[in-house]
Each structure stands twice: as C-alpha cells, then as structure tokens.
Amino acid sequence: MLPYLTRRAVHSAIALLGLLIAVFFLARLTGDPTDLFLPLDASREERAEFAQKHGYDRPATEQFVHFVGDVMEGNLGFSLRKQRPAIDLVLEAYPTTLKLAAVTLLIGISLAVFVGALAAYRPGGLFDRMGSTFALVGASAPDFWVAITAILFFSVSLGWLPTSGTGGFLFWIMPVTVLALRPFGLLVQVMRGAMLDALASAYVKTARAKGVGESTVIFVHALRNACLAVVTVAGDLAVGLINGAVIVETVFGWPGVGKLMIDAVVQRDFAVVQASIMVTAAAIFLMNVLIDLLYVALDPRIRHQ
Amino acid sequence: MFRINLRQLGTTAMSVAALMAMALIAPGAAFAQQTITIVLPEEPDSLDNCNSARSAVGRVIRQNVNETLIELDPNDSTLKPRLATSWKQMDATTWRFNLRKGIKYSDGTPLTPEAISSSIDKALNPKLDCNARTKMFSGFTIKVVKVDDATIDVVTPRPDPILPVRMTTMTIGAPNEPIRVMNSTVGTGPYMIDRYTANSEIVLKRNPHYWGKKPQLDGARYVWRKESAVGAAMVKVGEAHLATNIGFQDATDPKTDFPYPNSETNYLRIESLVPPLTDKRVRQALNHAVDRTALHGSIIPKQAMIATQMVIPRIAGHNHALNKQRFEYSPEKARKLLAEARAAGVKVDTPIDLVCRINQWENTTETCEAILAMYTAVGLNVKLRMLEVSLWVNYNTHPNKGALTPEADAKIKERGPVLLGHMHDNNVGDPVFSMNPKYACKAQTSSHCIPELDKRIQAATETVAGPQRTKLWEETMAMVHENVLDVFLFHMVGFARVSPKIRFVPTAATNSEVLLEQITFK
C-alpha cells in the first residue's frame, strides 16, 4: 500500500506543479489587478506606481520565479483585497465547504443507493417510474433557480426555515437539499443501471438457486457490486463539491472556498486564486486516495491485483 | 435493577427538545430589541478607516465608527460640522478647522491635532493603497499643522477651493494606527466595533465616550448576501431590518421598498476624437435615435430620471435648464442628420463598437441590446460588445491622453470609433469630480478635447465654492450639451427594503454610508 500511495503522491505533486504553472500564467492573461483595484479615474502615474509596488509591471516569468521562491518558504502570498495572507483566507473558508460537501454526499449517496436499488428491483414499476422521474428532475434543475425558489417558498411563504446564513440544524436544510439534488439525481440513475446489471448476473442467479433469501441477494450480493459504479461517479461529484459549491454558497451566504475563489478570480486577487487552487488540489488528491481505498474495500479483486 | 422512569424520561426529552430548539434559533434573535440587523450586498474588504471611501467599508464604519471633520448633507449637498465646528480659508493654500472640544476615541484617548495629523498621514501614505488617497486626494498631499489644541490648519501644495468637500470623505482614525488594520478600527463615532467574524458578520455596539446625542439603537449587526432576492427576503421574514441594496426586480412592496437617488448617471461615452464621431451631426443622431422613454419603467426603474448631463440635480452646478432641452426621440431626425453628414463626406457607415460592461447597472445587457436595435433602425452600423470589467476598463482609459506616443495613436486608430457604456458616480457633491476626468483634454478617462470647454472647466475648478463656481459649472454642462459629447441616459436610483419596525429614510448617501444614529425603532 505504501509504494502505491507514494506513487500517487508523486504523480499528484507533478500534476499540482503543472496546474500551478497554468493557473499562474492564465490568471495573468485575464488582466492586471491595477485596473480593478484603483478607481476608474486613477491617473496613469498612480496605476504605474501601484503596478510597480506589487510587481505587476515585471515580466510574468520574473513574477513566477519570485512566486516559486515564496512558495518554497511556505509563503503563498498576500491577498490584495483583504490585505491578509492568502492561505489564512483559504483555510478559514475550507471547513465550511468540507462540512457542506460531506453532509451533502452522505445524504445524497445514501438516498440514491436506496432509491436506485429499489427502483431496479421492479423495473417499470410505480416506484421505479416515480424515482426515475424525480431523479431526472433533480439532475436537471438549475441550482440557482431551485435555491431562490426554495427560499421564497419555505422561508417567505411558509416561514418554516431561515432564508440564509449559518447556524443550527434548520440552516442546513435548504443548502444541503439544493446541493444534494443533482448528485442524488445522477446517482439514482447510475445505481439503478448498475443494480439491473447485477441482478441479471450469473452470481445472483446462483445465489437465488441456492435458496439465499431475497434481501440477502439484493443487499449483500447485488448491492455491493453495484456500489462500485456509484463510488466512481460519487468520487467525481465529491471532487466537484470540495471545489466549492459556488451557487449555493453565494445564495445562502455560506462562506466557503468556492465563493472565495470566484470572488478572487473576479477581483484578480491572484494570491488567493493560487492558494485556493493549491489547497483544493491537495484535497482532491486525498479524496482520490480515499476513493481508491474504498474500491479495494468493496472489491477484493482489485485488492488482489 | 435499572428501571426506566417514564416521567423522568419525559422531562429529559422535553429539556433536550427545548435546548435543541434554542440552538436552532437564528443568531439574530439573540439580540436585544434595540439592535438591528442590516443586510449588505458585499462583505467589507477590511475595516481600515483609510478605506472608508469604498462603499463596502463606508456603509459600516463611516460616521458610525470613524467620523469626518465635515459632513456632507446628502439631501442638498451642504456641508455640516462634525468633528470640526467651523472652517475657513486663511489663504490660497491654507484652510483652518476649529475642532469640537472634549472629543474622545472609543478607547478613551482624546482626539488631538496630532491624532488627526497621524490619521491623515496614514490615509495619504503613498506606500499604502488607501482608497481615501486614490479616490479623493489623487495627485496631491496635504499637511496638517497644529495651531492650538482645538485648531488645525490644513495646507495644500496648490490652491484647492473645495478642500472642505474633499474632507467629507476623510474619516479620522486613531493615532498611530498600525499600517494595516484589518478587523477593527477605533474612532470617535457613536458606535465601536464589538466583533468582526470574517466571512460571517460584523457587530457594532455603543461607544461610551461618544460626544454627541445618544442614538436610540444599542448596536447593529451586519451580514452580507450577494443575491438581492435573499437580502429582500431576510427583511420580509423579519431576519433583518434593512437591506440597503436590493434589485429593481425585488422591490415589489411599496410599503417597505424605497427608491433613493444613488448619485449615479449612466450614459454612452462618445469617442468624439475618432471619425465619424467627430461630426456633430452624427453625435446628434446618436442622441435622437435612443428612445429613453421606452427604456424608462421597463428595464430602467421608473423612479430613475432621464439625464441630460453628468451630475445629478442636487449637485450645485447641475444645469436645470438643460432638463427642458433633452434630445427628443426622433428616428426621422436621426436619419436626416446622418444623411446630411453622409452628403458632406462623413463616413457614417463606419462600424462603431458599442462597448458595455456586464452588470454595470441593473439590466445593462438589455439596455445596450435595446439601444443597439434603435441604432440599427436608423441605419447606423453598430456592433455590441458586452465585456467583463477588466476588459472594459481598457476602453475607459483613453490611450492617447497623457502620453502622446506613436504607439498610443496607433492603438486608438486600431480601436476605431467606440460608444462606451458607462456609469458615473459622484456622491461627493461637486462637479469637479465629474467634469475633470470626463471632459478635460488631458484627463486619461476623457474621450473629448474642446479647448474652450477645457478652459471653462479649469476656471470652475479654481473658483471658490459659491454662486460663481456653480454658474461656471452650469456653463460647462451647457457646453457639453451644445457640443453633444455624450448620450446621457438616466440618473439612476437604488432601492432599500426597510422593515416596518424601524424608521429609516434612504438617501443619496445610502450607497456609501448608513448612519445608525438616524435609525430608530417605531
């Protein structure tokens, strides 16, 4: 296992370096922060002074060498807007994103596995039709529209839930539900397809022929194998969520890393963009390792390979 | 043997339920009745008082925590005493301010001339990027000289007849404040920072040392929601008392949603130095072709006012006579003017770029698309480009101003004629902050150069505030109109949602400051 993890770490470090180089230069292609930071009527001299002070007047390659030197010293830069170390801003925002992603995935996957498995048990039945329709709607509905509509309905019209913000259990309901809709919709369809394949496979027929109980056939034999496909897709969805749920974070006022990153991109706060990407890339690396380990736990054949 | 006591179990369950219910209550509900929650459209970048000229920062701290020497009345643009009780010009470069006596900062230290000098030095320190300097004191420094414990002289390097107006944006912080103050600031205002939870909330509480009349509110909690609909919903359901900036489409309840003039004017800036826009007939046609009344009330709020000049009516220098001379919508007239220009050899078919900035005002895209259709209808060859701010700003800075290099000239020729969708905000109360950057020949954000207008702007700039200055500015407005230098659209409005539980009247200043001392519970 250790050689495997080492190999993955080396590959990820190379990918991270490539990503950083790409982000560093691409970000600078989008424009000079001077234009956004200073008032529109700022003089040419003021712009030149600002650019010189922050090093934006130097060639991008020189800026990159300077940046790499700082990273080697553990300094990921200073936020232009917030005037604070960029890494502090990212680490403050990240727990919110991780909590939101974890709860969303837990609920989304659990419900999807349950609904998908039951839908596949009687294909074409009422539950299958209802589940598939709901899953399709969930996977297709735009987050932004669902979020605003949910606030107007559950908070303004019914008064059941707080509109936005962070706090106790009630504050979690709408953001998590809105965020879980799409993963749920996708995973139900994946689960249903995988379960149909599993239920039609030879080992399930053999188990039934041996007189194994129907619940054991579904939940032990078929479900475990069908879950491999769900883990693959859920891993992909999880990567998207730990990148930050920008729309949900923005609408519900959740201070996560997605919102931080988008604001930083819009404001050309390069240090924050770079720090966010480095931290997110590290988190994605860890997530991928976890998914690999989960594969091994679910499928002994992979372990033997 | 362990026995379950049902009564005990029931009591425990009730207690747990009660605790859970308490935990679920919104944080705002824990506040006393005299504390309000305000929803802002964005989180302040910092709470450093030297950045209070930036709206996001000013809405929280300006006059609430950090006060200015002089205050600008947003209703009539008059100057009112705040930390200074009076002021007068001693000579061309010296203004004397008499300070209010007995003022203390919220930490108990006295406000002294030295403290004011230290705070102003920080705000104007070129090593820092304070908004106070870049926005209002661009290009010159000021020096504070102590006369006695209650009097200071502010000395400028060159005559500045409107220094008191500039000082309305200079908030005073504590002496020797650290170079970078992020999460706190100390001031002399009626409130002080209680706590700042980054990404979440800012809470203000009373300043026990405040010199003025004790305001009714005990404090305020600020939260921020980018989505206007969410801010409006928070006030609607009682989670907040005031949402300062809600969208036109969310201002649906006349009982709680109030429009306010936000000192912004949107317009199309004409590149009058580039053919065919050098021709006055073409510029007139551009104005006659726009049906402003069709936009008004449909995609522009009906409370906005059709504009004929750059500054809003409350600013001294706004030429009220021009409001009766606005360009009527007449496609026929536009076509006729273009035909005349064409007959005179002007290449009116030259492609013109209409460059607008995404989300510069509400419904920017719709406005620019509608105008594009109007221009196409009269036969102009206009192409719309909707740009993000960092690309749009390249058009805003005129390339052949300031540095008349061959490269700059080549750049402007390559760019061709441009109509730049623009929105100008002058909330300071003097046209100097509008007319110089927009029309002076050497200004980098001006796309015009009319020597006579340039002289008039210079004369107005150097004239002391008063009737003569007002008259000169009115004349410059008239000259811009006569020369048809821009396509003015609307003096815009903002909307605030105010809870029925409080009294608050939004003003032209609400975009940049929200004075808690003016808010009371009913």
Side-chain angles (χ1 to χ4, degrees), chain A residues 30-47 49-50 53-54 78-84 88-89 92-93 96 144 147-148 151-152 155-157 159 161-171 247 249-256 259-260 263 266-269, chain B residues 20-28 39 42-43 45-46 48 53 126-127 129 131 133-136 138-139 180-182 198-201 223-227 229-234 236-240 388-394 396-397 401-403 422 424 433 436-438 443-445:
Chain A
T30 62
D32 188 338
T34 311
D35 293 329
L36 298 176
F37 196 83
L38 295 181
L40 288 175
D41 300 334
S43 68
R44 192 181 300 275
E45 293 72 30
E46 279 176 320
R47 286 173 195 279
E49 181 192 304
F50 182 90
K53 191 165 70 185
H54 295 279
F78 215 71
S79 164
L80 202 57
R81 285 270 161 188
K82 300 271 183 180
Q83 295 288 300
R84 291 179 62 199
D88 289 359
L89 295 170
E92 273 171 16
T96 303
F144 179 80
I148 295 288
I151 289 172
L152 293 177
S155 304
V156 178
S157 298
L161 297 170
T163 57
S164 55
T166 51
F169 173 68
L170 291 181
F171 287 86
I247 289 171
E249 287 173 8
T250 302
V251 172
F252 291 105
W254 279 57
K259 186 171 175 295
L260 179 78
D263 287 347
V266 170
Q267 295 167 346
R268 308 291 186 273
D269 201 343
Chain B
M20 281 177 71
M22 282 170 70
L24 296 177
I25 296 173
V39 192
E42 60 194 316
E43 181 178 6
D45 306 337
S46 76
D48 195 329
K127 289 181 183 165
D129 299 314
N131 203 247
R133 180 178 71 93
T134 56
K135 192 168 181 182
M136 297 301 297
S138 172
R180 287 196 170 102
V181 181
M182 297 315 308
N199 303 323
S200 183
E201 64 174 10
V223 295
W224 34 89
R225 299 289 181 267
K226 208 163 196 167
E227 275 310 313
V230 180
M234 287 180 75
K236 182 96 177 167
V237 302
E239 289 175 10
E388 196 256 347
V389 60
S390 65
L391 298 172
W392 175 92
V393 85
N394 293 330
N396 184 49
T397 309
K401 292 293 178 70
H422 215 303
H424 175 62
F433 304 107
N436 274 289
K438 303 299 175 195
Q444 286 159 37
T445 49

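Computed from a predicted model, the values in this text were never measured in an experiment. Per chain, numbering begins at 1; letters A, B, ... match sequence-line order.
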What's the spacing between Ser164(A) OG and Glu227(B) CD if we round to 0.5 Å?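 Atom-to-atom, Ser164(A):OG and Glu227(B):CD are 11.0 Å apart.
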When rounded to the nearest 0.5 Å, the distance separating NZ of Lys226(B) from CG of Asp263(A) is 4.0 Å
Salt bridge (Lys or Arg N to Asp or Glu O under 4.0 Å) between Arg268(A) and Glu388(B), intermediate numbers included: CA-CA 12 Å; Arg268(A) 308 291 186 273; Glu388(B) 196 256 347; 2.8 Å; yes
Sort Ala229(B) into side chain, backbone, both or neither according to what part of it lies under 4.5 angstrom from a heavy atom of chain A.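 Contact with chain A involves the side chain of Ala229(B) alone.
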Interchain contact, Val237(B) with chain A, by part (heavy-atom threshold 4.5 Å): side chain
Side chain, backbone, both or neither: which part of Phe144(A) has a heavy atom under 4.5 Å from chain B?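 Side chain only.
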Ignoring hydrogens, what is the shortest heavy-atom contact between Val251(A) and Val230(B)? Give both atom names and the distance. O-CG2, 3.4 Å
Out of Ala93(A), Pro255(A), Gly165(A), return the one with the most heavy atom pairs under 4.5 angstrom to chain B. Pro255(A)
